[in-house]
Amino acid sequence: MNPVDYIAICETKARYCRTLDSKDWDGYANVFTDDLILDTTPAGGTEIHGRDAAIRAIRNSIEHAHTAHQVHSPEIRIDGDTADVIWAMQDRVVWSPDRAKKMGNAGHTGYGQYHEHYLRCPDGKWRIAHQRLTRFHVDTHPLYEE
């Protein structure tokens, strides 16, 4: 395995977490291919086709939430200009007060995996073309009355 590609893929995923949590939507969009398939059905979500549609949905969900996404222990298989990666993941979401009332909870901490397919794009950057989120466990945090 080429260590340069391995590091570049890891850096793409690091940018994914940083830009998502900092709500840098342009930077976040840049880690995906235009024809992204985002599949969160194993975690109770939906399947979305297209980067723009996926960014709109994610932004609508967490724009005003405080989030922390962490990924660990990548299993990376590179084959030329494609790669398949499984990341252990943990995410913490704290909803805004309005969203918390709508959701019926203050937020959650989830544990699972990202299963991803990466492409080396013509500009030489690795981007996520397909992402499937699975969850093994979710701790839901109760609403707190003031």
Side-chain angles (χ1 to χ4, degrees), residues 5-78 81-146:
D5 289 333
Y6 182 95
I7 291 168
I9 290 166
C10 290
E11 287 178 344
T12 297
K13 193 61 178 183
R15 254 188 327 279
Y16 168 97
C17 293
R18 177 183 54 78
T19 56
L20 177 58
D21 293 336
S22 66
K23 314 303 188 267
D24 173 1
W25 300 115
D26 290 336
Y28 184 63
N30 195 38
V31 303
F32 300 107
T33 61
D34 290 339
D35 59 350
L36 167 70
I37 298 172
L38 174 63
D39 181 6
T40 59
T41 56
T46 62
E47 184 173 292
I48 301 172
H49 292 258
R51 177 178 63 194
D52 293 343
I55 300 303
R56 272 193 307 275
I58 293 164
R59 188 173 182 172
N60 184 55
S61 176
I62 66 162
E63 173 124 43
H64 301 290
H66 296 282
T67 62
H69 288 76
Q70 297 180 350
V71 294
H72 315 276
S73 309
E75 298 174 54
I76 301 176
R77 290 182 317 277
I78 300 171
D81 290 333
T82 67
D84 291 297
V85 185
I86 301 171
W87 300 92
M89 64 78 66
Q90 178 181 343
D91 65 341
R92 176 76 167 106
V93 177
V94 178
W95 301 121
S96 66
D98 290 342
R99 180 83 178 192
K101 288 178 187 173
K102 186 178 190 179
M103 297 296 291
N105 62 68
H108 69 265
T109 303
Y111 309 87
Q113 294 176 332
Y114 288 112
H115 297 254
E116 297 175 327
H117 183 71
Y118 288 69
L119 299 177
R120 185 192 332 257
C121 295
D123 64 1
K125 293 184 179 180
W126 287 94
R127 290 189 174 84
I128 302 165
H130 185 265
Q131 181 183 76
R132 182 169 53 92
L133 172 62
T134 63
R135 291 193 187 274
F136 303 130
H137 182 77
V138 177
D139 291 323
T140 303
H141 306 286
L143 288 171
Y144 297 101
E145 299 297 326
E146 293 183 23

Could you tell me the separation between the NZ atom of K13 and the NE2 atom of H72, rounded to the nearest 0.5 Å? 11.5 Å
If you round to the nearest 0.5 Å, how far is CG of L133 from CG of D91? 7.0 Å
If you count the non-hydrogen atoms of other residues, nucleotides and ligands that lie under 6.0 Å from NE2 in H49, is the total more than 12? yes
Please check if the number of heavy atoms outside K101 that lie under 6.0 Å from its NZ is greater than 12. no
Sub-3.5 Å donor-acceptor pair from the side chain of S96 to the main-chain atoms of A65, do we have one? no
Point-to-point distance, once rounded to the nearest 0.5 Å, from CD1 of I48 to CD of Q131: 10.5 Å
What is the minimum heavy-atom distance between I76 and Y6, and which atoms define it? CD1-CE1, 3.4 Å
Is the closest basic N to carboxylate O distance between D81 and R120 below 4.0 Å? yes
Grab the two heavy atoms, one from A100 and one from L143, that are nearest each other, plus how far apart they are. CB-CD2, 3.6 Å
E11 side chain near I7 side chain, heavy-atom distance below 4.5 Å: yes
Aromatic ring pairing F32/Y16, orientation class (parallel under 30°, perpendicular over 60°, tilted between): perpendicular
Show me, pair by pair, the donor-acceptor contacts under 3.5 angstrom made by side chains of residues 104-112, not counting sequence neighbours?
residue	atom	partner	partner atom	Å
N105	OD1	W95	NE1	3.1
N105	OD1	G107	N	3.0
T109	OG1	H141	NE2	2.9

Does I78 reach the side chain of Y118, with side-chain heavy atoms less than 4.5 Å apart? no
Write down the atom of R51, the atom of A29, and the distance for their closest heavy-atom approach. CD-O, 3.0 Å
May I ask you to check whether T41 and D39 show a side-chain donor-acceptor distance below 3.5 Å? yes
Which atom of D21 lies closest to which atom of A68, heavy atoms considered: OD2-CA, 3.3 Å
Roughly how far apart are D84 CG and R77 CZ, rounded to 0.5 Å? 5.5 Å
Applying side chain to side chain donor-acceptor pair (under 3.5 Å) as the test, list every pair that has at least one member in residues 52-62; sequence neighbours left out. R59-E63
In Å, rounded to the nearest 0.5 Å, how long is the span from CD of E116 to CD1 of I9? 10.0 Å
Nearest 0.5 Å, please: how far is CH2 in W87 from NE2 in H69? 14.5 Å
Which pair of non-hydrogen atoms, one from H117 and one from L119, has the smallest distance, and what is that distance? NE2-CD2, 3.7 Å
Determine whether a donor-acceptor pair (N or O, by modelled atom type, separation under 3.5 Å) exists between the side chain of R127 and the backbone of N30. yes
Between D123 and K125, what is the shortest heavy-atom contact and its length? OD1-N, 2.9 Å
Got more than 12 heavy atoms from elsewhere within 6.0 Å of CG, D26? no
Would L20 and I62 count as a side chain to side chain contact (heavy atoms under 4.5 Å, CB included) here? Give the steps. CA-CA 9 Å; L20 177 58; I62 66 162; 3.3 Å; yes
Quick test of your reading of the model: are R15 and D24 salt-bridged, counting only N-O distances below 4.0 Å? no
